[in-house]
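What follows is a set of notes on a single structure, which appears directly below.
Only a predicted model underlies this, so the values are computations on that prediction, with no experimental measurement involved. Just follow the structure's listing: the first ligand is 1, and inside any ligand the first atom is 1.
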Amino acid sequence: MTRVADRFTDKSCLVTGAGSGMGRAIALRLAAEGGRVTASDVSAPGLEEVAGRAREEGWADRFHTAVLDVADEAAVDSVVAEVISRQGGLDALVNAAGILRAVHTAECTTEIWDRVLKVNLTGTFLVIRAALPALLEAKGAILNFSSTAASFGHPYMAAYAASKGGVSALTQTLAAEYAKAGLRVVAVAPGGISTPMVDALELPADADMKNIMRLMPLNGHFGSPEDLAGLAATLLSDEGRHITGVTIRVDAGTHC
Ligand SMILES: NC(=O)c1ccc[n+]([C@@H]2O[C@H](COP(=O)([O-])OP(=O)(O)OC[C@H]3O[C@@H](n4cnc5c(N)ncnc54)[C@H](O)[C@@H]3O)[C@@H](O)[C@H]2O)c1
């Protein structure tokens, strides 16, 4: 693993969606840079795998896991409180938990719509709300996960795009609300990163593939979760101190 700095020594970090993909890569990166990290996810097997990796690296004493469905308000409140208590506060929060469903909008059931909004947008809000007092005390930073779907047309992903547009708006609003209190809130908008979410994506059988191909990164290949981890660490660290209220695209120019 690339080790560029120790920007998180004595820092307390919580990452949701850390059992896979970009959340996993960021949790490991923050730990590699010295952080006390709790990796949380709804998937217990994903967490076992990432905890095993942390043990191999020798970080077991400061790398914990917590099974958590971010859409479960009571569970969010209790798990976030436990993390803050165990780690003695909270400096960095990453909201990477997310789900994607691709269907024709005419066939998007209310159930699909509600679940996508509940996990991606409400889940992000719930975790932030529970963590805010500790983050404000630490003058910490929040990194949210938006998507290029929020700004550009991603066919068959209406609920997902709406949820991610909400995440960008939430990011900007919180940044404005808490800037004077010293809390920074930023988002990344990935596009074309190879993770289980993208690799296992099921499109409608009659999907217009020409329209879908517009979502390919312009450099011709998918990125890896690690392509985001260094940027995430920089944004969350003191080196990101002059950056707040932005959503940064990490998509190899997909929509240039
Ligand atoms: N991969 C991409 O190209 C891409 C593009 C734009 C945005 N994103 C966003 O990046 C974030 C990370 O996604 P990824 O691509 O690494 O996918 P991923 O599927 O590898 O990781 C998402 C993780 O979120 C977890 N999760 C799902 N529902 C949850 C819930 N209710 N509570 C807690 N955890 C839950 C999953 O178990 C999984 O471990 C997501 O928010 C996703 O929407 C990804």
Using a strict threshold of under 4.0 Å (side-chain N to carboxylate O), is an ion pair present between R24 and E49? yes
With only distance considered, is N120 within less than 3.5 Å of ligand 1 through an N or O on each side? no
Under 3.5 Å, N or O to N or O, is F145 touching ligand 1 that way? no
Mind checking whether A71 has an N or O less than 3.5 Å away from an N or O of ligand 1? no
If we count only N and O atoms by modelled type, under 3.5 Å, do the side chains of D199 and S194 hold a donor and an acceptor together? yes
Does a salt bridge link R55 with E48, judged by any charged N lying under 4.0 Å from a carboxylate O? no
Determine, using heavy atoms of K164 and all atoms of ligand 1, whether some pair is separated by less than 4.0 Å. yes
Identify which of G98, S163, G21 has a heavy atom lying nearest to atom 22 (C) of ligand 1. G98
Counting from 1, what ligand 1 atoms have a heavy atom of L68 closer than 4.0 Å? 32 (N), 33 (C)
Closest non-hydrogen protein atom to atom 6 (C) of ligand 1, residue and atom name please, with distance? P190 O, 3.0 Å
Checking contacts here: is it the side chain or the backbone of R115 that comes within 4.0 Å of ligand 1, counting heavy atoms only? Could be both or neither. side chain
Under 4.0 Å to a heavy atom of P196 - the qualifying atoms of ligand 1, by number: 20 (O)
Centroid-centroid under 6.0 Å between H154 and Y160 rings: no
Indicate yes or no: at least one non-hydrogen side-chain atom of V70 is less than 4.5 angstrom from one of T124. no
Show me which atoms of ligand 1 lie under 4.0 Å from any heavy atom of D69. 30 (C), 31 (N), 32 (N)
Is the closest N or O pair between I193 and ligand 1 shorter than 3.5 Å? yes
Kindly confirm or rule out an N or O of S20 lying under 3.5 angstrom from an N or O of ligand 1. yes
Between ligand 1 and G192, can you find any atom pair, the residue atom being a heavy atom, that is separated by under 4.0 Å? yes
Applying a strict 4.0 Å limit to heavy atoms, is I99 in contact with ligand 1? yes
Within the structure, is a non-hydrogen atom of A96 found at a distance of less than 4.0 Å from ligand 1? yes
With a 4.0 Å heavy-atom cut-off (strictly under), which part of V70 contacts ligand 1: side chain, backbone, both or neither? both
Proximity to ligand 1 by part of V119, non-hydrogen separation under 4.0 Å: side chain
So is S146 polar-close to ligand 1, meaning N/O to N/O under 3.5 Å? no
Write out the residue and atom name of the closest protein heavy atom to atom 7 (C) of ligand 1, then the distance separating them to 0.1 Å. Y160 OH, 3.0 Å
G123 to ligand 1, any heavy atom closer than 4.0 Å: no
